[in-house]
2 protein chains.
Amino acid sequence: MEETPESTPRKRISESTIHRLSLYFRALSLLEKENYETVSSKELAKREKLTPAQVRKDLSFFGSFGTRGLGYPVTELKARVSRILGIDRVWRVALIGIGNIGSALVSYKEFIKQGFHIVKLFDNDQRKIGSNHKGIIVSDIKNLKTELHEDNIEMVVIAVPATVAQYIVDDVVEANIKAILNFAPINLKVPPDVHVRNENMAMELEYLSFAMVNNHMPKGAGKN
Amino acid sequence: MEETPESTPRKRISESTIHRLSLYFRALSLLEKENYETVSSKELAKREKLTPAQVRKDLSFFGSFGTRGLGYPVTELKARVSRILGIDRVWRVALIGIGNIGSALVSYKEFIKQGFHIVKLFDNDQRKIGSNHKGIIVSDIKNLKTELHEDNIEMVVIAVPATVAQYIVDDVVEANIKAILNFAPINLKVPPDVHVRNENMAMELEYLSFAMVNNHMPKGAGKN
DNA sequence: ATCTACATGTGAAATGCTTCACAATAGGTG
DNA sequence: CACCTATTGTGAAGCATTTCACATGTAGAT
Ligand SMILES: NC(=O)c1ccc[n+]([C@@H]2O[C@H](COP(=O)([O-])OP(=O)(O)OC[C@H]3O[C@@H](n4cnc5c(N)ncnc54)[C@H](O)[C@@H]3O)[C@@H](O)[C@H]2O)c1
Ligand SMILES: NC(=O)c1ccc[n+]([C@@H]2O[C@H](COP(=O)([O-])OP(=O)(O)OC[C@H]3O[C@@H](n4cnc5c(N)ncnc54)[C@H](O)[C@@H]3O)[C@@H](O)[C@H]2O)c1
């Protein structure tokens with residue numbers, strides 16, 4: 001029953017499980033650097049502030065990767081988690097809006113390490129079109145649809161002002177893109193088969209604010 | 001029973017409810033601009049892709065703000081939600097690490113609108129120390145503890161490389177800061193009374209990747 | 001070959017969150 | 001004033017996620 005190859009799971013996987021898989025991947029990358037050969041659910045849990053049972057249950061949705069009495073083989077588990085997350089390959093990503101946040105994202109090395117290659121940039125500002133960012137020439141937003149298609153882009157990052165984000169996304173959807181990471185603080189309307197994830201930084205600050213004002217205890221406070 | 005002033009709730013409020021309050025705030029700000037006087041839970045739900053029951057239940061944790069048959073008064077509800085979230089005031093924020101992402105955050109106007117005032121910047125790069133960003137002079141990280149204290153900083157944003165983030169945070173904690181927004185992809189260790197929220201962009205891309213590879217239907221697909 | 005220590009994998013229980021469904025009720029209308 | 005319509009506020013039901021607890025299994029020691 002051990003060593004099952006991971007497989008597409010029968011049950012629907014929850015959003016929280018998927019997010020935790022990202023955490024496991026991160027922790028495993030570090031453990032690998034530290035030359036650990038195996039790791040227990042207990043250690044993995046400790047490193048990401050979770051419970052051992054949670055770690056085991058999450059992994060069990062995809063197969064049996066551990067050895068009783070020993071734990072999980074670090075390198076192998078990392079490879080498996082990366083397969084599960086779909087980051088054992090290159091994703092061709094386009095970034096739209098090369099302003100403050102867009103420029104920061106182009107230089108972010110963590111993305112490349114995980115297979116997210118930003119290979120295309122778009123803007124509507126004449127001063128930016130044609131300029132070079134990390135080896136990529138900024139394209140004119142006018143050519144969005146054709147170039148997304150010609151360059152086999154699979155994911156798009158939206159970093160334009162909220163006021164124009166919906167118009168841009170309408171074109172992105174027409175170009176048959178199915179995955180969008182959105183930084184504009186607005187609820188984008190897309191057809192049901194298009195995935196949108198929102199990155200909303202104000203939301204996290206608001207959470208902190210709420211927690212302070214209501215002296216909400218942080219999650220996990222009182223343990224140890 | 002109507003018009004209860006909002007009050008610190010008896011029950012523990014879930015993280016998801018708090019996040020949705022942020023969405024309500026955003027939607028209400030827009031509705032106000034569009035000159036709506038009242039809004040129903042149905043409309044509010046539609047705008048943020050939630051259910052009306054969810055909207056009503058969330059708000060009911062804090063009081064009874066609506067009028068049966070009519071809905072909620074937009075301006076008043078917005079004020080109440082902002083009170084609940086603790087953003088009806090100014091928060092003094094320090095930003096540590098004025099690199100790619102740090103520079104983008106300094107210029108982000110949405111933060112100011114919600115009461116988050118970045119009033120202090122820190123870096124350890126001699127070329128950056130003393131320079132001016134949006135009217136703020138970058139301080140030397142050496143003076144972190146004393147200046148955080150002298151300037152009555154209440155929240156800190158971490159935008160330094162992951163390798164040094166923990167050391168910086170140790171000092172931040174010693175300076176008696178209780179709220180941290182962290183951009184470094186690492187699990188920070190802090191005492192149980194310190195709130196940490198992580199902004200992890202790779203995680204959202206990984207979610208998209210997972211969804212594509214597993215043709216996971218987006219949440220809410222199949223409605224309408 | 002047996003024993004010991006350890007740690008997985010997983011049903012079942014416990015907890016938490018969302019949705020349902022409807023009584024309560026405000027406001028408008030005749 | 002009585003009636004009608006719309007929409008809230010909320011227990012209770014339904015569903016989802018997390019935690020528990022233990023049988024199962026492996027490695028290593030003696
Ligand atoms: N700056 C931040 O720290 C930050 C943080 C979180 C979210 N955001 C959000 O990210 C988005 C961008 O923010 P920013 O601070 O980088 O703004 P910015 O103004 O610096 O950048 C916006 C870029 O989009 C381009 N643009 C505008 N209209 C366009 C169009 N029609 N087609 C193509 N490109 C167009 C502009 O030329 C500019 O380069 C906004 O929605 C903002 O709310 C920003
Ligand atoms: N660039 C992005 O788009 C992006 C996105 C998400 C998360 N992040 C994370 O944000 C952090 C910063 O990323 P970045 O791209 O802005 O990197 P960066 O190298 O551009 O900026 C880091 C800044 O921190 C400063 N710094 C380094 N050591 C310091 C110390 N000991 N004390 C004070 N300041 C110090 C540097 O001088 C620099 O200004 C990293 O942890 C990164 O993983 C970046």
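Letters A, B, ... are given to chains in the order of the sequence lines, protein chains preceding strands, and every chain is numbered from 1.
Toward the 5′ end of DNA chain D lies the nearest nucleotide of B:Ser41, the other residue of the pair A:Leu70 and B:Ser41 mapping further downstream. Comparing A:Gly69 and B:Pro52 by the nucleotide of DNA chain D whose heavy atom lies nearest to each, the residue mapping closer to the 5' end is B:Pro52.
You'll find the side chain of A:Met201 reaches within 4.5 Å of the side chain of A:Ile101, heavy atoms only. For the pair A:Met155/A:Leu181, no side-chain contact is recorded, criterion being any heavy-atom separation below 4.5 Å from C-beta on.
C:dA7 atom P lies 16 Å from atom CG of A:Leu59, rounded to whole Å. Taking atom CG of residue B:Leu77 and atom C1' of nucleotide D:dT7, one finds them 14 Å apart after rounding to whole Å. In this entry the distance linking NZ of B:Lys46 with C1' of D:dT7 reads 16 Å, nearest Å. The CZ-P distance, from A:Arg80 to C:dG9, rounds to 11 Å in whole Å.
Neither side chain, A:Glu204 nor A:Asn200, offers a donor N or O lying under 3.5 Å from an acceptor on the other. Using modelled atom types and a 3.5 Å distance limit, the side chains of B:Tyr24 and B:Asp58 yield a donor-acceptor pair.
For B:Arg68 against C:dT25, a side-chain-to-base donor-acceptor contact under 3.5 Å is absent.
When the nucleotides D:dT8, D:dT10, C:dT8 are ranked by their closest atom to the side chain of B:Ser60, D:dT10 comes out on top.
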Name every donor-acceptor pair, under 3.5 Å, that has one atom in a side chain of residues 88-96 of chain B and the other anywhere in the protein, sequence neighbours excluded.
{"residue": "B:Arg89", "atom": "NH2", "partner": "B:Glu154", "partner atom": "OE1", "Å": "3.1"}
{"residue": "B:Arg89", "atom": "NH2", "partner": "B:Glu154", "partner atom": "OE2", "Å": "2.7"}
{"residue": "B:Trp91", "atom": "NE1", "partner": "A:Ser209", "partner atom": "OG", "Å": "3.1"}
{"residue": "B:Trp91", "atom": "NE1", "partner": "B:Gly86", "partner atom": "O", "Å": "2.8"}
{"residue": "B:Arg92", "atom": "NE", "partner": "B:Asp151", "partner atom": "O", "Å": "2.9"}
{"residue": "B:Arg92", "atom": "NH2", "partner": "B:Asp151", "partner atom": "O", "Å": "3.1"}

Check nucleotides 17-20 of chain C against the protein and report each pair of N or O atoms closer than 3.5 Å, with its distance, or say if there are none.
{"residue": "C:dT18", "atom": "OP1", "partner": "B:Arg20", "partner atom": "NH1", "Å": "3.1"}
{"residue": "C:dT18", "atom": "OP2", "partner": "B:Arg20", "partner atom": "NH2", "Å": "3.0"}
{"residue": "C:dT18", "atom": "OP2", "partner": "B:Gln54", "partner atom": "NE2", "Å": "3.3"}
{"residue": "C:dT19", "atom": "OP2", "partner": "B:Thr51", "partner atom": "OG1", "Å": "3.2"}
{"residue": "C:dT19", "atom": "OP2", "partner": "B:Gln54", "partner atom": "OE1", "Å": "3.3"}

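Note on A:Tyr72: every side-chain N or O is 4.0 Å or more away from OP1 and OP2 of D:dT26.
Under the 3.5 Å distance criterion, the side-chain polar atoms of B:Thr67 are left unmatched by any main-chain donor or acceptor of B:Leu70.
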